[in-house]
J.: 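Got a structure here, written out as structure tokens. Questions coming.
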Amino acid sequence: MPSTVSIRLGCEIEKVIYESRGRGRITSTQYKTWRETFTVPEEGYNKINLTCPICHSSFEVKVYSKSKARLRKLYFASCFLTIAACGIVFAVFAHTEKGFIGYSLAAPFICFTVWQLLNVVRGRFDASDVVSHARGKVHKIFDERKIIFPDQ
């Protein structure tokens with residue numbers, strides 16, 4: 001049985017709050033949202049053409065399989081780990097008073113790395129790990145909940 005995910009997408013609507021000749025204009029960006037349900041492929045990714053119900057423009061999204069989403073999450077974890085390693089190397093080779101800067105730079109990235117790796121082990125994914133923009137007008141991917149695939 002193929003897995004499906006329901007993800008909330010948003011279309012940007014710009015609302016002008018105040019406009020003057022001398023000071024320009026102040027705008028507030030708002031999004032109108034809708035839900036789309038995607039079938040997650042077994043391997044690789046699928047490109048799906050969508051039409052926005054708000055602005056009626058067409059765009060394309062990629063829906064990644066569980067293994068591809070896991071690889072994407074591991075890629076970001078390795079990027080965080082690389083930044084942390086650079087901070088630690090800077091701290092080791094810097095003088096004592098500047099070494100603290102490297103360690104303080106590395107600490108949050110080590111936390112991000114552990115957080116990403118724990119999510120990979122637990123099988124919890126963000127909406128942007130499973131669905132990403134491919135082409136056309138950029139629409140925002142909203143979803144606060146973690147996506148957990150059922151074990152098969």
J.: Kindly work out whether a path of hydrophobic side-chain contacts (I/L/V/M/F/W/Y, heavy atoms less than 4.5 Å apart) joins L9 to I147.
T.: yes

J.: Can you check whether S128's main-chain N or O pairs, donor with acceptor, with S132's side chain at less than 3.5 Å?
T.: no

J.: Evaluate I141 against D126 for side-chain contact (heavy atoms from CB on, under 4.5 Å), listing each step before the verdict.
T.: CA-CA 10 Å; I141 298 171; D126 296 327; over 6 Å; no

J.: Looking at CZ of F125 and NZ of K66, how far apart are the two atoms once the value is rounded to the nearest 0.5 Å?
T.: 6.5 Å

J.: Go through it in stages, so that I can follow the logic: the residues are W34 and C52, the test is side-chain contact (heavy atoms from CB on, under 4.5 Å), and I'd like the CA-CA distance, side-chain angles, deciding distance and then a yes or no.
T.: CA-CA 9 Å; W34 77 97; C52 175; 3.7 Å; yes

J.: Atom CG in N119, atom CZ in R70: separation rounded to 0.5 Å?
T.: 11.5 Å

J.: What is the ring orientation for F142 with Y31, classed by angle as parallel under 30°, tilted 30 to 60°, or perpendicular over 60°?
T.: perpendicular

J.: S6 side chain to T37 main-chain N or O, any donor-acceptor pair under 3.5 Å?
T.: no

J.: With a 4.5 Å cut-off on side-chain heavy-atom distances among I, L, V, M, F, W and Y, is there a chain of contacts connecting F76 to I83?
T.: no

J.: In terms of the angle between their ring planes, are W115 and F112 parallel, tilted or perpendicular, with boundaries placed at 30° and 60°?
T.: tilted

J.: Are Y64 and I48 linked, directly or through intermediate hydrophobic residues, by side-chain heavy-atom contacts shorter than 4.5 Å (ILVMFWY only)?
T.: no

J.: For A91 and G99, work out which heavy atoms get closest and say how close.
T.: CB-O, 3.1 Å

J.: Return yes when atom NZ of K137 has more than 12 non-hydrogen atoms of other residues, nucleotides or ligands closer than 6.0 Å, and no otherwise.
T.: yes

J.: Please find the pair of heavy atoms, one from C55 and one from C11, that lie closest to each other, and give the distance.
T.: SG-SG, 3.6 Å

J.: Can you name the closest pair of heavy atoms from K73 and D129 and give their distance?
T.: NZ-OD2, 2.8 Å

J.: Taking the side chain as every heavy atom from C-beta outward, state whether L74 and L117 have any pair of such atoms under 4.5 Å apart.
T.: yes

J.: Go through the steps for I13 and T29 under the test side-chain contact (heavy atoms from CB on, under 4.5 Å), then give the verdict.
T.: CA-CA 6 Å; I13 295 173; T29 304; over 6 Å; no

J.: Would you kindly confirm whether I7 and F59 end up in one hydrophobic cluster when ILVMFWY residues are joined by side chain heavy atoms under 4.5 Å apart?
T.: yes

J.: Walk me through whether I88 and I110 qualify under side-chain contact (heavy atoms from CB on, under 4.5 Å).
T.: CA-CA 10 Å; I88 291 171; I110 289 172; 4.1 Å; yes

J.: Would you call R135 and N49 a side-chain contact if the rule is heavy atoms closer than 4.5 Å?
T.: yes

J.: Taking the six-membered ring of Y45 as reference, does the NZ or CZ atom of K68 fall below 6.0 Å from its centre and within a 45° cone about the axis?
T.: no

J.: Could you state the interatomic distance from NE2 (H133) to NE2 (H139), rounded to the nearest 0.5 Å?
T.: 8.0 Å

J.: Do side-chain atoms of T113 reach the backbone of L81 as a donor and acceptor pair under 3.5 angstrom?
T.: yes

J.: Is the backbone N or O of T33 less than 3.5 Å from a side-chain atom of R8, with the two atoms forming a donor-acceptor pair by type?
T.: no

